[in-house]
2 protein chains.
Amino acid sequence: MELLEILGCSPPLAREPLDAEQAAAVARVFKALGDPVRLRILSIVASRAGGEVCVCDITGAFDLSQPTISHHLKVLKEVGLLTSERRASWVYYRLVPETLGELSALLTVPATV
Amino acid sequence: MELLEILGCSPPLAREPLDAEQAAAVARVFKALGDPVRLRILSIVASRAGGEVCVCDITGAFDLSQPTISHHLKVLKEVGLLTSERRASWVYYRLVPETLGELSALLTVPATV
DNA sequence: CATCTATATTGACATGCATCTATACAGCTT
DNA sequence: AAGCTGTATAGATGCATGTCAATATAGATG
């Protein structure tokens with residue numbers, strides 16, 4: 001079962017308890033978000049007007065080695081938060097808004113009426 | 001600055017890049033969510049009708065030692081996702097819906113019109 | 001083809017973390 | 001007060017992970 005499917009099938013946390021499989025799948029994504037560098041990378045990509053960001057733009061924003069940034073991009077890609085596309089010498093990363101949306105829905109808490 | 005304040009002040013990821021301080025604060029919370037056991041604990045508490053759950057109810061739901069559960073509860077409490085209250089011999093945990101709500105808002109992605 | 005740039009992979013290292021056992025603490029009950 | 005139950009803390013251990021330097025790969029260009 002694909003990760004996005006599991007995310008999509010997982011009820012909001014406040015609706016019913018997650019089973020072990022759902023929890024494992026969701027935790028993978030949150031773990032990816034649980035690093036300040038990855039969060040900043042994600043926000044850089046997510047907020048970029050054109051929708052895509054060249055790796056070189058990201059590397060320049062941090063005081064970290066290029067392999068480290070590359071590693072974080074890989075993690076974000078593996079959990080389905082980003083996709084990448086190579087064009088000529090450059091690789092461009094894009095947000096996968098569906099994944100972020102599923103997570104947001106998962107955390108949605110019912111209005112306390 | 002309190003964590004919930006930082007969460008509240010942090011723009012949605014898709015609006016503008018997080019600065020280092022915001023990212024660090026937000027990452028702490030996501031890191032807490034990045035463990036399957038903690039996610040399940042959180043969903044058990046969040047979905048409980050009365051709003052509060054006794055530790056003994058949680059411990060029984062896992063095949064883990066009592067100290068391990070206690071550790072996870074502490075982590076969830078430290079990042080502001082849960083609060084606890086002792087009454088007689090038992091300790092009851094409650095969700096802090098504001099924290100979950102802030103996270104949800106943070107991940108909200110604008111509708112792709 | 002040789003070389004240069006952009007990005008990814010590998011391997012090493014230090015730190016972090018999930019888990020356990022053993023123990024401490026808090027509050028009840030007798 | 002003594003003992004019992006529920007929960008937390010301390011300390012130990014093995015594994016995961018963030019980082020780097022070194023190297024590999026992909027594509028462009030001279």
Side-chain angles (χ1 to χ4, degrees), chain A residues 18 20-21 23-45 48 50 52-79 81-94, chain B residues 18 20-21 23-45 48 50 52-79 81-94:
Chain A
L18 296 173
E21 189 197 12
V26 177
R28 277 189 64 217
V29 189
F30 280 132
K31 186 178 291 187
L33 293 177
D35 179 276
V37 174
R38 284 196 290 268
L39 268 183
R40 290 180 65 195
I41 292 177
L42 193 74
S43 69
I44 288 173
V45 177
R48 178 53 79 63
E52 54 180 28
V53 178
C54 173
V55 174
C56 57
D57 291 332
I58 302 173
T59 310
F62 296 88
D63 199 24
L64 291 169
S65 72
Q66 175 268 320
T68 296
I69 299 298
S70 189
H71 162 70
H72 286 307
L73 286 168
K74 185 180 185 180
V75 172
L76 290 169
K77 192 175 162 182
E78 279 172 349
V79 300
L81 284 166
L82 294 181
T83 55
S84 69
E85 182 192 355
R86 170 161 226 139
R87 288 205 302 276
S89 284
W90 296 273
V91 177
Y92 297 88
Y93 280 80
R94 285 184 164 276
Chain B
L18 296 173
E21 188 197 12
V26 176
R28 278 188 63 217
V29 189
F30 280 131
K31 187 176 291 186
L33 293 177
D35 178 276
V37 175
R38 284 196 290 268
L39 267 182
R40 290 180 64 195
I41 292 177
L42 194 73
S43 69
I44 289 174
V45 176
R48 179 52 78 64
E52 53 180 29
V53 178
C54 173
V55 173
C56 55
D57 291 331
I58 301 173
T59 310
F62 296 88
D63 198 26
L64 291 169
S65 71
Q66 175 267 320
T68 296
I69 300 297
S70 190
H71 162 70
H72 286 307
L73 285 168
K74 186 181 185 179
V75 172
L76 290 170
K77 193 175 163 184
E78 280 173 347
V79 300
L81 284 166
L82 295 181
T83 55
S84 69
E85 181 191 356
R86 172 160 226 141
R87 287 204 304 276
S89 284
W90 296 273
V91 176
Y92 297 89
Y93 280 80
R94 285 183 165 277

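Within every chain, numbering begins at 1; the chains are lettered A, B, ... in the order of the sequence lines, protein sequences first and strands thereafter.
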Whether B:R87 engages the ring of B:Y92 as a cation-pi pair (distance to the six-membered ring centre under 6.0 angstrom, angle to the ring normal within 45°) should be assessed.
yes

In whole angstrom, what separates B:I69's CD1 from D:dG6's P?
16 Å

Should B:K77 and B:T83 be marked as a side-chain hydrogen bond (donor to acceptor under 3.5 Å, both in side chains) after you check the CA-CA gap, both sets of side-chain angles, and the distance that decides it?
CA-CA 6 Å; B:K77 193 175 163 184; B:T83 55; over 6 Å; no

How many whole angstroms separate atom CD of B:E52 from atom P of D:dT7?
12 Å

Nearest heavy-atom approach of B:R40 to A:A23 is CG-CB, 3.3 Å

Spacing of A:S70 atom OG and A:L64 atom CG [to the nearest 0.5 Å]
12.5 Å

Contact summary for B:D57 and B:R48, nearest pair of heavy atoms:
OD2-NH1, 3.9 Å

So CZ of B:R28 and CG of A:D35: to nearest 0.5 Å the spacing works out to 14.5 Å

Using Watson-Crick or G-U wobble geometry with both distances below 3.5 Å, tell me the partner of D:dT29, or none.
C:dA2

Let me know the distance between CZ of A:F62 and P of D:dG18, rounded to the nearest Å.
14 Å

Pair assignment for D:dA22, Watson-Crick or G-U wobble, requiring both distances under 3.5 Å:
C:dT9

Is the shortest side-chain N/O distance from B:Y93 to OP1 or OP2 of D:dA8 below 4.0 Å?
yes

Quick one: B:K77 NZ to D:dT9 C1', roughly how many Å, whole number?
13 Å

Spacing between A:L73 atom CG and C:dT7 atom C1', to the nearest angstrom
10 Å

Sugar-phosphate or base contact per nucleotide [nucleotides 18-30 of chain C; S, B, -; heavy atom under 4.0 Å]
SBBBB----SS--

